[in-house]
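What follows is a single structure, written as structure tokens, with notes after it.
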Amino acid sequence: MSLPRLADMHARGEKIAMLTAYDATFAAIADAAGVDCILVGDSLGMVCQGLASTVAVDLAHMRYHTESVARGLARVQGTAWLIGDLPFGTYHESREQALRSAAVLMQAGAHMVKLEGGGWTAATVEFLVQRGVPVCAHLGLTPQTVHSLGGYRVQGKGEAAGALLKQQAHALQDAGAAMLVLEMVPAALAAELTTELTHCATIGIGAGCGTAGQVLVMHDMLGLNLGRMARFVHNFLADAPGVQEAMISYVQAVKTGSFPDDSRHAW
Ligand code: KIV
């Protein structure tokens, strides 16, 4: 996988299937299942470390897990595009701090970094992209700012909030973001944005079936969760004999557009 190949998939309307992974074995299985992009998400704070939010995840944690995933992919000559999440506080101070943090994840094996938020992040994205760091942006429910948002709830609802989210998304595309995760936003808004953003592939999670691709946290799609399963999650292991088959089924469902089902998984 490469940035031009992802851009080509986006242009042709082939849906991009993304999953999180945090270790070598699951990364290799996801790659063998045909997952296009693996995200080493800071969700590892919740699913691996047992934290209540992603806020306490730091760059050393992200480096460790990114290296593990990269080694897993190398062991099986995997081809998935590897995205490393920049954790809270590692890109907020300055564009220079963001570049230093991005370099740590790129040197650990990431092909792209992801960062959360809109508005001020556009200048950071532009700075990174100009210096050869591919960037995936993230709008809507941004878990690193859960305390400011007042909880894990749908974002971009209503005319003003929707317009602001759209404006931020366009600014991120203009800054050079090649992908944009849209988390827990109304399906209609995500679909409109997907049509408008011709140079930035939208990747939905709780954003309906109209996005250019989908992402789920691996534990969630295997039905492994310490708390309540979010509405946008489907347990692909429930109808599969094993983990790899569940991931194959996820990839097929994303590619054919049968997941997500807006009547069950969206707002
Ligand atoms: O950290 C993560 O896993 C994420 C996805 C939920 C998009 O940001």
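In each ligand, atom 1 is the first atom listed, and ligand 1 is the first ligand listed.
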Subject >> Close side-chain approach of Ile205 and Gln214, heavy atoms under 4.5 Å >> reply: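 SC-SC contact between Ile205 and Gln214 ruled out.
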
Subject >> Val57 vs Met62 side-chain heavy atoms within contact, under 4.5 Å >> reply: yes

Original post:
Would you call Glu116 a ligand 1 contact, heavy-atom distance under 4.0 Å?
Top reply: no

Original post:
With only distance considered, is Asp42 within less than 3.5 Å of ligand 1 through an N or O on each side?
Top reply: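 Such a contact does occur with ligand 1.
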
Subject >> Backbone or side-chain N or O of Thr20 under 3.5 Å from ligand 1 N or O >> reply: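 N/O-N/O distance under 3.5 Å: no.
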
Among protein heavy atoms, which lies nearest [atom], and at what distance?
atom: atom 7 (C) of ligand 1; answer: Leu39 CD2, 3.8 Å
atom: atom 6 (C) of ligand 1; answer: Ile205 CD1, 3.7 Å
atom: atom 3 (O) of ligand 1; answer: Ser43 OG, 2.5 Å
atom: atom 8 (O) of ligand 1; answer: Lys114 NZ, 2.9 Å

Original post:
Near Gly41, which atoms of ligand 1 are under 4.0 Å from a heavy atom of that residue?
Top reply: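 Result: 1 (O), 2 (C), 3 (O).
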
**OP:** Under 4.0 Å from a heavy atom of His138: give me the atoms of ligand 1 that qualify, with their elements.
**Re:** 8 (O)

Original post:
Counting heavy atoms only, which part of Asp85 comes closer than 4.0 Å to ligand 1: side chain, backbone, both or neither?
Top reply: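 Under 4.0 Å from ligand 1, Asp85 contributes side-chain atoms alone.
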
Subject >> Under 3.5 Å side-chain donor-acceptor pair for Thr124 and Thr121 >> reply: no

Subject >> Distance (rounded to the nearest 0.5 Å) between Arg12 CZ and His10 NE2 >> reply: 12.0 Å

Original post:
Can a salt bridge be assigned to the pair Asp36 and Lys255 using a cut-off of 4.0 Å between side-chain N and carboxylate O?
Top reply: yes

Original post:
Which salt bridge (Lys or Arg N to Asp or Glu O under 4.0 Å) pairs, counting each pair once, include a residue from residues 146-171, with sequence neighbours left out?
Top reply: Lys166-Glu192, Lys166-Glu196

**OP:** Output all residues satisfying side-chain contact (heavy atoms from CB on, under 4.5 Å) with Arg228, sequence neighbours left out; order by chain, then residue number.
**Re:**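 Expected list: none.
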
